[in-house]
Each structure stands twice: as C-alpha cells, then as structure tokens.
Visitor: 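A single structure is presented below for examination.
These numbers were taken from a predicted model, which means no experiment stands behind them.
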Amino acid sequence: MKPISRRLFIEETGLGILSTTVLPSVTGSPVEAQVNSPAVSAPRTKITIKVNDVSHHLEVEDRWTLAETLRDHLELTGTKIGCDRGECGACTVLLNEKPIYSCSYLSVWADGQSIQTVEGLAHGDHLDPLQQAFIEHDGPQCGYCTSGQLMSARALLNHNPSPTAKEVRRALSGNICRCSNYNRYVESILAAAKRGQKHA
Amino acid sequence: MPDAFHAVGKATPRIDAVERVTGRARYAGDLRFPNMLYARVLRSPHPHARIRRIDMSKALALPGVKAVLTRENCQVVWSGGDTRNKRYLFNNPVRFVGDPVAAVATTDRHLAEEALKRIVVDYEVLDFILDPEEALKPGAVEIQPGGNLSPNSKGQREAESYRRGDVEKGFADSDHVFEDLYVSKHVNNAQMEPRVSIAHWEGDKLTVWASTQGISNCQADMAKDLNLLPEQVRVICEYMGGGFGNKNQNHDFDLMAAVLSKETGRPVKLEFTRKEDYIGVHGRWPTRQYYKVGVNNDGTLQAIQLRGYSGMGPYRKSSGDIAGTELYHCPNVEKTVHPVYTNMSVGANFRGPAYPQGIFGIESMMDHIAYQLKMDPVEFRLKNCTQKYHDEVPYTSIGLQDCIRRGAEIFEWKKHLHPPGADPGLIKGGVGMAMGAFGAGIGKSSATLRLDASGHLWVYVGVTDIGTGAKTTMALLAAEATGINLEKVHVVWGDTDRCPYSVGESGSRTTNMTGYAVVEAARDLQRQLKEKGAPQGNDVLIAQSTPNPRLEGAARYSFAAHFVEVQVNAEFGNVRILKYVAVHDSGRVVNPLTAASQVKGGATMGIGMALHEELLYDRATGVPINPGYYGARVMTHMDAPEIEVHFVETEDAYGPYGAKSVGEPPITPSVAAIANAVFNATGRRIKELPITREKILGVTA
C-alpha cells in the first residue's frame with residue numbers, strides 16, 4: 001500500500017531546490033522552486049555535484065551537510081540520518097566510490113565530485129546483487145540503517161569482490177544496526193559476493 | 001511442521017523488502033510538506049531545578065520564529081508520560097537533564113537551533129538523587145509530591161509485592177542460604193531512527209505522521225490529551241526505524257508538534273537529535289536486586305526472596321518490575337519491588353521490559369548456587385525450572401525443558417563445562433547458560449479482509465511493522481487461512497483512517513492478537529464464500545473480525561535457553577564470544593526467516609547490555625556524560641558473534657495456529673548467559689552490569 005505516492009508527495013511538497021537543479025527521473029521534468037530564506041543569514045556557495053550520474057547545480061548554505069542536501073533539497077531520502085555526528089553510519093554514501101558519512105561532510109566540500117546513494121544502486125527494476133541478497137537473507141529489520149549498510153558493502157565489493165566474513169565485518173564496522181541483525185547482513189554480503197556479479 | 005500448511009512455516013522474505021533495500025521505504029522524518037515549520041525542544045541542563053523565569057523575547061525577535069511554547073502558554077498534560085502524576089509537556093520544576101522546557105517552531109531547521117540558544121531560562125537549582133535506594137532515605141529531596149516511592153497499582157505508597165508460602169520457614173528448612181546483590185544499569189533503546197513527529201491540522205482534524213509502534217494507541221492518546229474525538233485524529237506510520245518499546249503510545253513531542261501546528265496554522269515537523277533521543281525519551285530502568293535463596297544439599301529450592309529497587313526516573317511510565325523469579329519452582333517466594341523516582345532519565349519499556357535485568361540477577365544467583373553445590377548448572381535448571389506459572393497456574397504450553405535439553409545437546413555442554421576458573425592461561429575459556437521467558441498474551445485486536453473478483457485479497461491491519469516482519473506475518477496468516485497465494489495478498493497498514501484497531505507492536509503481541517484476528521476474519525470470509533460464492537465483476541466480499549480470546553485459568557508464555565562459550569582475556573579484560581546457541585519455544589513459527597532474525601538480533605542486543613552499554617551519570621552534577629552510540633557503546637559488526645538459532649515448536653491451542661511470541665524473548669536470557677560464561681571462565685562473579693574490561697581486570701589482575 002502506498003497511502004501517498006512518491007509522485008503525489010513530491011508534487012504536493014514543492015521542492016526546496018535552489019537555482020536550476022535538474023532532478024533525476026522521478027519527476028520527469030526540471031523543477032524550479034522557491035527557497036525558504038532563513039532569517040539568520042548563512043553564507044551560500046554555488047556547487048556542482050553529480051549524484052547517481054545526474055548533475056546538479058546548486059546554491060547551498062555552507063552549513064548544510066551533504067546528508068541534508070541529499071535529503072531535503074534533492075529528495076533523496078533513502079540516505080538516513082541516525083545520529084548526525086558520525087557515529088552510526090546510516091548516512092553512508094559513496095563519494096568518488098569511497099564510503100563517507102554524509103552527515104559529517106559539508107555539501108560545499110562535495111563540489112565537483114561524484115556521489116552515489118542507495119537510490120543509485122538499482123538500474124530500473126534491476127536490483128544490485130547486494131539488494132537482492134539483502135532481500136533473500138533478511139538483511140533489513142526496521143530498515144533504517146540498511147542504506148548505509150548497502151553503501152559500505154558496495155564500496156567493499158567494488159575493490160574486493162570476494163571478501164571473507166572478517167573483511168565484511170571490518171568494512172561495515174562503522175555501520176550500526178540496533179536491531180542487531182549483523183549476522184544477516186554479513187550473510188547477505190557474502191552471498192552477493194559469491195554470486196560474483198560485480199556491479200558497476 | 002505438518003505439511004498441511006502452504007504458507008505458515010515457510011521461510012519467506014519480507015513483502016516490503018524491496019522498499020527497505022532501495023531507499024523507497026518512507027519514514028516520518030523523510031516527509032516534507034509545503035510551508036512546513038521545523039520544531040525543536042529546549043531541555044533542562046539540570047537534573048532538578050525550579051524555573052523562575054523564561055525570557056523568550058530574543059528568540060521571538062528572530063524573523064522566522066513562528067511560535068514558542070513553554071509552561072506559561074501550554075498546559076497540555078501528556079497522560080501516557082506518567083501513570084501516577086500529572087506530567088505536563090513542560091514541567092516546573094524540571095526533574096532530569098533533558099526534561100523539556102520550551103519548544104520552538106521556525107521556518108528553517110538551523111534557525112530552530114539558533115532560537116533555542118536565545119531562550120534565557122532562570123533556574124533555581126535543587127538537590128538531586130540518582131540512586132533509587134538513596135532516594136528512599138529520610139531527608140532525601142522529594143522528586144514528586146508525596147515522596148519518592150512511586151505508588152503501586154492500587155495507588156498506595158507501598159512496594160509492589162508477591163508472596164507464596166513462608167520464606168522464613170523455607171530458609172530455616174534449608175541446608176544453605178545464599179545472599180547477594182545484583183545491579184543493572186540504565187541502557188537506552190537507541191533505535192536507529194531519531195524520534196520525529198509531523199503534525200498538520202485541516203480544520204479540526206489533526207493528522208500526525210508519527211514514528212510509532214502503535215498507530216491505534218497513538219491516535220487514542222492524542223485524542224485524549226488534546227480533548228478531541230478519536231475520529232478527529234489520524235495517525236500515519238508507513239515505516240518505523242525501530243523502537244524496542246520506547247514508542248508504544250503517543251509521546252510528548254507528538255503533542256508539542258500538534259500544539260505548535262495548531263498555533264501557527266502550518267504543518268510542523270519536530271525533530272530530535274541523537275543526544276536528545278538518548279536522554280529525552282527513555283531507557284531500561286536500572287535495578288538493585290537483593291536476593292536471598294535457601295536450598296538443600298540435593299539442589300532442591302526451599303525459598304527465594306527478592307527485595308528490589310528500580311530507578312524510574314522522575315516520571316512513572318512503566319511497571320518497574322524485576323522479573324525472573326517465576327522461572328523457578330519453589331514453595332516459598334517473596335518478592336518486593338520498589339519503583340522509585342530519581343533524577344535520571346526516565347526508566348521505562350525496552351525490549352522484554354522487566355526481564356533481561358531480572359533474569360541477569362536470578363540466573364546469576366542460581367548459577368552460583370549450582371556451582372557451590374557442585375551441581376552442573378544445566379542439571380540444576382532442569383531440576384528446578386518452572387512447570388506452572390508461579391507454581392500454580394498451568395501454562396498453555398511449555399517447552400522450557402526441551403529448550404534446555406536441546407540447547408545442551410547442540411552446544412555439547414557436557415564436553416565444554418569445566419569448574420569455574422579452571423583454565424589457567426591468560427586467555428580463559430568458559431561456558432555459561434541461562435533460561436528465559438516472556439509472555440505470549442492474547443486479547444483484542446481487529447482485522448478486515450476484502451476479496452475482489454480477480455482473487456486478490458486485501459488485508460487491513462493497524463500494524464506498523466517496526467522491523468519484526470509483522471506485515472509479512474499478517475500476509476502469511478491470511479494466505480494460509482484463505483488458501484490464497486501470497487502474491488495475491490496485499491497488506492494495508494499504518495494508517496488509522498484505513499485500518500481497524502491493532503494492539504500495537506509492543507509486548508510481542510502482534511502475531512498473537514492481530515494475527516489471530518486475521519485468521520478469524522478469514523474464517524468469516526470462508527463462510528461468506530460458501531454462502532455467496534466468489535465475487536464477480538465489481539463485487540467484493542468484506543470480512544472482519546475483532547476476536548477477544550481469553551485464557552481460562554492458564555498462563556501463556558514463550559521460553560528459551562541460551563548457551564554461550566567465551567574467551568576472557570585476563571590481561572586486557574575483553575570477552576570474545578566463540579559460540580552462541582539460542583533455542584526457543586515460540587509455539588508455531590509463522591515465518592522461520594524473520595523469526596530467526598528476531599532471535600539473532602535480541603540475543604546480540606543482550607550481549608551489548610551484558611558487556612558494554614550504560615548511560616553514565618556524573619555523580620557531582622547529575623548530568624549524563626555519554627549519550628550516543630559511541631559513548632554508550634552499542635554493539636557493532638565487530639562485536640557481534642554468530643548466533644545459532646533453533647526452535648522447539650510446542651503445540652499451543654491459542655494464537656494463530658498456535659504461534660506464540662518471538663520479538664522479546666530472545667533478549668531475556670542472553671545477558672545472564674554471558675555473565676555466567678564469564679564466571680565459568682574467570683571463577684569470579686561480576687555482579688554489576690555491564691561486565692566491562694575494567695571490572696574483568698578487577699577480578700583477574
């Protein structure tokens with residue numbers, strides 16, 4: 001069930017997108033919208049970032065974290081914020097293929113760089129082997145840490161296609177799962193690696 | 001598992017798994033609305049203080065600040081926040097570090113932070129108490145009017161007590177009497193999703209997008225606290241990032257968001273920081289447990305006495321019970337538990353509320369006695385474990401002994417057991433085990449089914465699926481009961497305008513209650529199908545059920561036994577877990593895939609409680625010093641061992657196809673099992689949680 005469809009939701013909310021951002025295919029057309037101007041003035045900087053292979057020209061407040069920009073201004077809410085202080089890993093995204101905590105990375109630092117989020121893992125209906133394995137091996141319980149686990153795992157498999165369980169645990173040591181479904185995550189990642197379908 | 005089942009008992013991936021792995025699952029914090037305001041809460045920096053004056057002028061002077069709430073202009077009472085006293089959204093005096101003082105709504109998240117800094121509060125700092133026993137001493141500062149012992153369920157200022165037989169006679173008849181104190185600490189639920197609430201009024205109808213474990217309870221509570229009719233409140237929770245008991249009802253921040261939204265005429269999203277989540281919601285109540293146990297040379301129990309103190313923080317949200325003595329068959333039992341007000345963060349429900357800490361106490365105590373009597377701890381449990389609830393009421397089914405026997409066999413207990421501290425090296429091996437139990441209550445919940453002409457079945461249930469797999473369980477039960485293929489079963493959930501009452505995902509009751517309602521509704525559907533035939537064209541068949549089954553003279557529980565092998569490093573104090581076997585009696589297992597995940601997660605969480613986790617307080621100032629994942633040391637990938645899961649499926653006449661509870665039982669024995677293994681390794685018993693490196697070095701160095 002979808003009480004509110006994503007399309008309807010986006011249409012209703014009006015995007016807090018700045019300048020001339022071209023959105024990924026979710027809305028089908030470029031959107032320009034008004035910005036809430038914060039009364040306490042914050043310095044702003046124009047940046048260009050590539051997110052999931054789509055370029056965005058944005059004017060961001062210097063204090064915005066990358067997680068904030070992705071979630072609030074590009075509507076990529078698959079990236080979660082669990083602690084907003086670099087402890088839990090729910091906000092993990094890939095920056096030039098390396099996993100980072102996007103809650104602890106300012107948007108201005110990302111200027112000119114390439115970012116991959118959980119929304120960029122699947123190609124249409126074709127899921128990343130990691131996503132498929134997470135489904136089959138019951139990786140997510142509440143699901144809130146899942147995007148971060150997936151991104152750390154993707155970074156691992158990109159440079160080490162057949163890791164050991166120990167290597168998986170080490171690579172994901174910065175991704176907390178309070179449901180504590182660690183066994184399932186490790187099992188899923190090993191299964192995906194075994195399938196040997198190395199994914200972009 | 002009888003082959004007659006086509007859906008129940010088959011390991012089935014979650015029906016919403018694709019949403020959960022693609023980022024499409026939408027949590028309350030992911031939503032934004034036009035003109036939405038951002039709200040934040042100002043919290044007390046003092047553990048106990050009277051507010052003389054609040055100056056909001058500097059905050060209100062900021063353009064973009066649309067509303068500020070304090071006790072002055074908001075007297076809403078949060079009834080679920082305290083079952084004994086009137087707990088306002090903003091209290092004066094404030095009674096713990098984190099008690100809300102004000103809430104602001106602004107046009108921008110960063111502006112809200114700035115506004116909080118500009119609220120000036122003049123506090124008169126009062127004496128404070130962190131320890132529940134000290135809080136009961138004469139002359140202790142009164143935290144709530146009437147004294148620091150929280151009233152019992154009858155409203156009397158007396159400890160909660162239970163008695164059977166005569167413990168004094170029991171001690172006199174015993175060959176040995178053992179006495180000890182076990183202490184557990186405040187640990188936080190620490191679910192991954194920080195608490196958040198979005199409120200929006202359309203006319204006199206309030207919609208709340210809540211991160212809640214129970215939309216029906218949340219709706220009823222919001223209506224009650226805001227003087228609305230239930231139908232004026234709609235609660236929506238599509239996905240929820242865990243709760244583990246900290247969101248079974250409405251919360252103060254849902255009410256604050258609603259009031260701010262009413263005041264401003266705009267949607268309001270109230271967000272928590274992680275630190276606020278740690279101190280401003282609640283955690284597991286800390287306990288001090290004094291045990292006295294009388295036993296004969298042959299291991300026969302004569303008497304169990306428990307005098308306990310539970311630190312509830314300054315507001316009484318939950319029972320404060322210390323569970324576990326009922327796991328033992330014994331003629332004379334006396335249990336007295338004092339739920340006490342303190343100036344710590346609120347102590348309330350967290351997965352298996354009264355059990356992990358209570359079972360840590362009683363199972364450490366009994367383990368110790370077994371070794372003192374030169375008995376195998378497993379034999380001691382098998383000899384003394386409960387057969388009837390409180391030795392009186394029969395269980396609807398009990399697989400406790402089966403769990404112990406099966407676990408001991410799989411674990412090869414006899415082969416691994418050695419006398420405590422017998423391993424002479426610096427790396428000391430040891431094994432431990434413990435029993436666990438948790439209620440499998442039945443009761444009232446509803447389900448509605450709609451069958452259309454194409455054979456698709458729509459299941460309307462008020463579940464939110466906090467991570468347990470409840471939606472999938474409901475779908476499997478509906479598929480089983482109707483014979484319809486799982487692919488044609490659609491679950492409609494998480495919205496009080498669409499779904500009938502559900503008990504809420506607390507107390508491990510969703511499968512037992514709402515699942516049973518699904519099965520009963522399916523029976524109604526089958527009857528209709530026989531009478532009217534399958535629907536044609538645009539016709540549909542609607543079936544519903546609100547069963548309210550009762551147990552007549554019986555108790556219904558799930559049971560477990562956990563076995564663990566550890567290595568304790570006597571030089572560095574760390575504990576490595578080499579093997580962990582969890583055996584559970586949860587009746588019929590509806591979905592073996594998600595049920596095993598629950599056991600793995602619960603056991604792992606218990607290991608964290610046993611070895612690392614604690615919200616530490618500075619005794620001088622009453623300030624919590626380590627709120628957050630890093631400081632309070634929750635389990636990570638590097639800490640988590642492989643948990644081997646087995647089920648003994650007892651036959652039970654109640655619940656859907658005899659299913660019992662799964663979510664909470666796994667954490668109940670794990671803390672004690674680890675503690676007992678550390679004892680077996682080191683030969684020294686650590687009686688205060690968590691069993692940290694420092695404490696281990698304290699006994700091994």
Side-chain angles (χ1 to χ4, degrees), chain A residues 1 3 6 9 12-14 16 36 38-40 42 61 63 68 71-72 76-85 87-88 90 117-119 121-122 127 131 134-136 138-147 150 168-170 172-186, chain B residues 13-14 17-18 20-27 29-34 62-64 107-108 110-111 114 190-194 236 238-242 244 273-274 466-468 490-495 498 593-594 597 600-602 604-605 608 628-630 634-638 640 642-643:
Chain A
M1 182 198 75
R6 184 181 176 85
F9 169 72
E12 279 176 356
T13 55
N36 291 333
V40 179
E61 289 189 12
R63 62 188 172 186
E68 199 176 350
R71 287 175 50 80
D72 286 359
L76 295 170
T77 55
T79 298
K80 301 299 183 216
I81 297 176
C83 67
D84 211 19
R85 55 192 223 186
E87 291 182 352
C88 78
T117 71
V118 69
E119 289 90 347
L121 280 180
L127 297 178
Q131 291 172 310
F134 272 42
I135 292 171
E136 286 161 16
D138 202 36
Q141 284 193 26
C142 83
Y144 201 81
C145 74
T146 303
S147 303
L150 277 165
V168 171
R169 283 196 288 268
R170 191 169 294 147
L172 273 74
S173 61
N175 291 89
I176 289 173
C177 168
R178 187 54 170 169
C179 299
S180 307
N181 216 19
Y182 295 115
N183 286 181
R184 295 297 202 199
Y185 279 132
V186 174
Chain B
R14 289 162 200 255
V18 172
R20 289 181 196 263
V21 300
T22 52
R24 292 212 296 266
R26 220 169 26 226
Y27 300 74
D30 298 339
L31 302 173
R32 293 200 305 142
F33 296 94
L62 278 175
T107 50
D108 178 89
H110 297 281
L111 185 62
E114 185 60 34
Q191 79 296 332
M192 297 308 297
E193 177 193 29
I236 300 172
E238 284 185 66
Y239 285 86
M240 199 235 191
F244 313 112
T273 64
R274 175 53 53 186
I466 62 173
T468 55
H490 312 278
V491 177
V492 182
W493 83 99
D495 182 345
R498 294 163 188 245
L593 182 67
T594 52
S597 297
K600 285 166 174 281
T604 305
M605 216 177 215
Y629 291 117
Y630 184 74
V634 303
M635 294 288 281
T636 71
H637 270 286
M638 297 300 278
E642 181 67 29
I643 309 287

Visitor: Within this structure, what is the OG1-CG distance for the pair A:T77 and B:L31, rounded to the nearest 0.5 Å?
Guide: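 A:T77 atom OG1 to B:L31 atom CG measures 8.0 Å (nearest 0.5 Å).
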Visitor: Can you name the closest pair of heavy atoms from B:P194 and A:Y144 and give their distance?
Guide: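 So the two residues come closest at CD-OH, 3.7 Å.
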Visitor: Do the side chains of B:F244 and A:R178 get nearer than 4.5 Å, heavy atoms only?
Guide: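 Heavy-atom side-chain distance check passes, below 4.5 Å.
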Visitor: Chain A heavy atoms under 4.5 Å from B:E193: which part of the residue, side chain, backbone, both or neither?
Guide: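 Both parts, heavy atoms under 4.5 Å.
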Visitor: Is A:Q131 close to chain B through its backbone or its side chain, or both, or neither, when contacts mean heavy atoms under 4.5 Å?
Guide: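 Looking at A:Q131, backbone and side chain both touch chain B.
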Visitor: If I take atom CZ from residue A:R170 and atom CE from residue B:M638, how far apart are they, to the nearest 0.5 angstrom?
Guide: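 One finds 5.0 Å between CZ of A:R170 and CE of B:M638.
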Visitor: Which atoms form the tightest heavy-atom contact between B:P13 and A:I135, and what is the distance?
Guide: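 Reported closest heavy-atom pair: CB-O, 3.6 Å.
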Visitor: Any chance you could lay out the salt bridge (charged side-chain N to carboxylate O under 4.0 Å, His left out) test for A:R71 and B:D30, step after step, and finish with the verdict?
Guide: CA-CA 7 Å; A:R71 287 175 50 80; B:D30 298 339; 2.8 Å; yes
Visitor: As an exercise, state the distance from CZ of A:R63 to NE2 of B:H110, rounded to the nearest 0.5 Å.
Guide: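 The distance works out to 5.0 Å.
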Visitor: For chain A, which of B:T273, B:T468, B:T594 has the most heavy-atom pairs under 4.5 Å?
Guide: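 Among B:T273, B:T468, B:T594, the one with the most close pairs to chain A is B:T594.
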Visitor: Distance from B:M192 atom CE to A:C83 atom SG, nearest 0.5 Å?
Guide: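 Answer rounded to 0.5 Å: 7.5 Å.
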Visitor: Sort out for me which of A:T117, A:N183, A:V186 touches chain B most, counting heavy-atom pairs under 4.5 Å.
Guide: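 Highest number of heavy-atom pairs under 4.5 Å: A:N183.
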Visitor: Answer with side chain, backbone, both or neither: which region of B:M240 has an atom nearer than 4.5 Å to a non-hydrogen atom of chain A?
Guide: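 Only the backbone of B:M240 comes within 4.5 Å of chain A.
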Visitor: Any idea which of A:L172, A:N175, A:I81, A:D84 has the most non-hydrogen atom pairs under 4.5 angstrom with chain B?
Guide: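 Top count of heavy-atom pairs under 4.5 Å with chain B: A:L172.
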Visitor: Answer yes or no: is there an ion pair linking A:D138 with B:R14, defined by an N-O contact shorter than 4.0 Å?
Guide: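 Yes, this pair counts.
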Visitor: Within this structure, what is the SG-CD distance for the pair A:C179 and B:Q191, rounded to the nearest 0.5 Å?
Guide: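 It comes to 9.5 Å.
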Visitor: B:T636 versus chain A, heavy atoms under 4.5 Å apart: side chain, backbone, both or neither?
Guide: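 Looking at B:T636, backbone and side chain both touch chain A.
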Visitor: For the interface with chain B, which of A:G139, A:S147, A:C88 has the highest count of heavy-atom pairs at distances below 4.5 Å?
Guide: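 Highest number of heavy-atom pairs under 4.5 Å: A:C88.
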Visitor: Heavy-atom distance under 4.5 Å to chain A: side chain of B:A190, backbone, both or neither?
Guide: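 Both the backbone and the side chain of B:A190 come within 4.5 Å of chain A.
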Visitor: Please classify the contact between B:I466 and chain A as side chain, backbone, both or neither, with a heavy-atom cut-off of under 4.5 Å.
Guide: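 The backbone, not the side chain.
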Visitor: What closest approach, in Å, do A:C142 and B:G242 show between heavy atoms, and which atom pair accounts for it?
Guide: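 In terms of heavy atoms, the two residues are closest at CB-N, 3.4 Å.
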Visitor: Can you tell which part of A:L150 gets under 4.5 Å to a heavy atom of chain B, answering side chain, backbone, both or neither?
Guide: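 Side chain only.
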Visitor: Who are the ring-ring contact (aromatic ring centres under 6.0 Å, His included) partners of A:Y182, not counting sequence neighbours?
Guide: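 ring-ring contact (aromatic ring centres under 6.0 Å, His included) check on A:Y182 returns B:H637.
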Visitor: Flag the pair B:T22 / A:L121 as yes when at least one side-chain heavy-atom distance between them is below 4.5 Å, and no otherwise.
Guide: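 With C-beta onward as the side chain, the pair stays apart.
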Visitor: Would you tell me whether A:R184 and B:S597 have side-chain atoms, one donor and one acceptor, within less than 3.5 Å of each other?
Guide: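 Yes, B:S597 and A:R184 have a side-chain donor paired with an acceptor closer than 3.5 Å.
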Visitor: Working to the nearest 0.5 angstrom, can you tell me the gap between B:Y630 OH and A:I176 CD1?
Guide: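 Taking OH in B:Y630 and CD1 in A:I176, the distance rounds to 11.0 Å.
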Visitor: Can you list everything that forms a ring-ring contact (aromatic ring centres under 6.0 Å, His included) with B:Y629? Sequence neighbours excluded, please.
Guide: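 Residues passing ring-ring contact (aromatic ring centres under 6.0 Å, His included) with B:Y629: none at all.
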Visitor: Select one option (side chain, backbone, both, neither) describing which atoms of A:T146 are under 4.5 Å from chain B's heavy atoms.
Guide: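 Contact with chain B is through the side chain of A:T146 alone.
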Visitor: Measure the shortest side-chain to side-chain distance between A:Q141 and B:K600 over non-hydrogen atoms and say whether it is less than 4.5 angstrom.
Guide: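 Contact flag for A:Q141/B:K600 side chains = no.
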